[in-house]
Amino acid sequence: MFTFFNIKPTQLLATLVCISIVTVASLMPAQAATDSSSDSKLIQTQEQPVKGELTITPLSKSLFVHESFMQTQQYGFVGSNGLILVDGKSAYLVDTPWSETDTIKLVKWISSQGYKLVASVSTHSHDDRTAGIDYLNRIGVATYASDHTNKLLQQAGKPTTSHSFKEGQFDFVESKIEVHFVGAGHTIDNLVVWFPQSKLLYGGCLVKSLGSKSLGYYGEADLNAWPQSIANLQSQFAQSNQVLPGHGSMGDKQLLTHTISLLKQHALTSAEK
């Protein structure tokens, strides 16, 4: 069950609707905090999400971050980010939530806001990007992934998307969502997503959050290519205002520098063993 709040306009938000369990302050800059004194139903920035619940946080009238959660054996309780872009009455999903259950919840939320989810794109083959593909296929949503990602999904015996594209640049929503392959890193098929209107770079799992102390799971990583892929991001998307990692909080271009630092740290640690 979802509870909705009208959020007072700020520099970055303007009469938006979001799920009550969202902590806006965790993803928004400080100047976007709401004034809770004027309306008892305004979302409180100090609220914390209920552990394990799907959260949806507005970045603007048309762009939202969704975060789903999974209890992992190696890293404990982990959140995973994705995005929703609204264009007219249509909605577009970048990465599904981490489970089919949360994907169903997300689709219901989109519908409850008066929008229709028409397409999704997944940025690599891991479950935190693709767990909802089978459900989306069943309900007639056009699903997209790169040829490489679909090959890996097929090899793993998992559902593939209904559409595929070659690695490089794929215009998922013309002039609004661009999908790019800048090189291997976390996986050999990882993609990043550029939102040219808001100058937001979604680095996915190629980019680590400032809160990350290590590379996390790198069992399928290309550690040799990863630093150059981040360097490619730094040059190709130098104009980015915000950078969203696959896991963890929103930041800016410091996340790219931090990811390179973690890669250097990992290389040094590995050399000492």
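Here, residue 1 is the first one in the sequence, and each next residue gets the next number.
- In this structure, Leu206 and Val182 have side chains that are in contact, with non-hydrogen atoms separated by less than 4.5 Å.
- Among pairs with a residue in residues 120-131, those fulfilling salt bridge (charged side-chain N to carboxylate O under 4.0 Å, His left out) read Asp95-Arg129, Asp127-Lys158, at least two apart in sequence or across chains.
- Here the straight-line distance linking atom CG of Leu83 with atom CD of Glu67 works out to 11.5 Å at 0.5 Å rounding.
- Side chains of Asn150 and Thr161: a donor-acceptor N/O pair is present below 3.5 angstrom, by distance only.
- Considering only residues two or more places apart in sequence or on other chains, Asp222 meets the salt bridge (charged side-chain N to carboxylate O under 4.0 Å, His left out) condition with none of them.
- Surrounding CD of Gln169 are more than 12 heavy atoms belonging to other residues, nucleotides or ligands, all under 6.0 Å away.
- The shortest side-chain heavy-atom distance between Leu136 and Val107 falls under the 4.5 Å cut-off.
- Listed by first and then second residue, the ring pair (Phe, Tyr, Trp, His ring centres under 6.0 Å) pairs that reach into residues 82-106 are Tyr92-Phe172, Trp98-His247, sequence neighbours excluded.
- Atom OG in Ser261 sits 11.0 Å away from atom CG in Leu256 (nearest 0.5 Å).
- Interatomic distance, Leu152 CG to Ser146 OG, rounded to the nearest 0.5 Å: 7.5 Å.
- Residues that satisfy the salt bridge (charged side-chain N to carboxylate O under 4.0 Å, His left out) test with Glu220, not counting sequence neighbours, are absent from this structure.
- In this structure Phe181 satisfies the ring pair (Phe, Tyr, Trp, His ring centres under 6.0 Å) test with no other residue, sequence neighbours excluded.
- His180 is linked by a ring pair (Phe, Tyr, Trp, His ring centres under 6.0 Å) to Phe237, counting only residues two or more places apart in sequence or in another chain.
- Counting heavy atoms from C-beta outward, Ser80 and Met70 have side chains that stay 4.5 Å or more apart.
- Put simply, CD1 on Ile177 and CH2 on Trp194 are 13.0 Å apart, with the number rounded to the nearest 0.5 Å.
- Pairs engaging residues 76-92 under the salt bridge (charged side-chain N to carboxylate O under 4.0 Å, His left out) rule: Asp87-Lys176 [sequence neighbours left out].
- In this structure, Val94 and Leu85 have side chains that are not in contact, with every pair of non-hydrogen atoms separated by 4.5 Å or more.
- For Glu174, the CD atom counts as loosely surrounded, since its 6.0 Å shell holds 12 or fewer non-hydrogen atoms of other residues, nucleotides or ligands.
- At a threshold of 4.5 Å between non-hydrogen side-chain atoms, the residues Leu200 and Met250 count as touching.
- Among residues at least two apart or in separate chains, ring pair (Phe, Tyr, Trp, His ring centres under 6.0 Å) pairs with a member in residues 203-233 are His126-Tyr217, Tyr218-His266.
- Side-chain atoms of Thr187 and Ser125, non-hydrogen and from C-beta on, never get closer than 4.5 Å to each other.
- Residues meeting the side chain to side chain donor-acceptor pair (under 3.5 Å) test with Ser240, sequence neighbours left out: none.
- Pairs passing the salt bridge (charged side-chain N to carboxylate O under 4.0 Å, His left out) check and including a residue from residues 182-194, sequence neighbours excluded, do not occur.
- Every residue two or more places apart in sequence or in another chain was checked for a salt bridge (charged side-chain N to carboxylate O under 4.0 Å, His left out) with Asp171, and none qualifies.
- No donor-acceptor distance shorter than 3.5 angstrom exists from the side chain of His186 to the backbone of Gly216, with no hydrogens or angles considered.
- Applying the ring pair (Phe, Tyr, Trp, His ring centres under 6.0 Å) test to Phe170 and every residue at least two apart in sequence or in another chain returns Tyr144, Phe165.
- Using a 4.5 Å cut-off on side-chain heavy atoms (C-beta onward), Gln242 and Ser198 make no contact.
- In plain terms, the two heavy atoms of Asp134 and Pro159 that are nearest each other are CB-CG, 3.6 Å.
- Of the listed residues (Asp147, Thr149, Thr143), just one forms a side-chain hydrogen bond (donor to acceptor under 3.5 Å, both in side chains) with Ser164, and that residue is Asp147.
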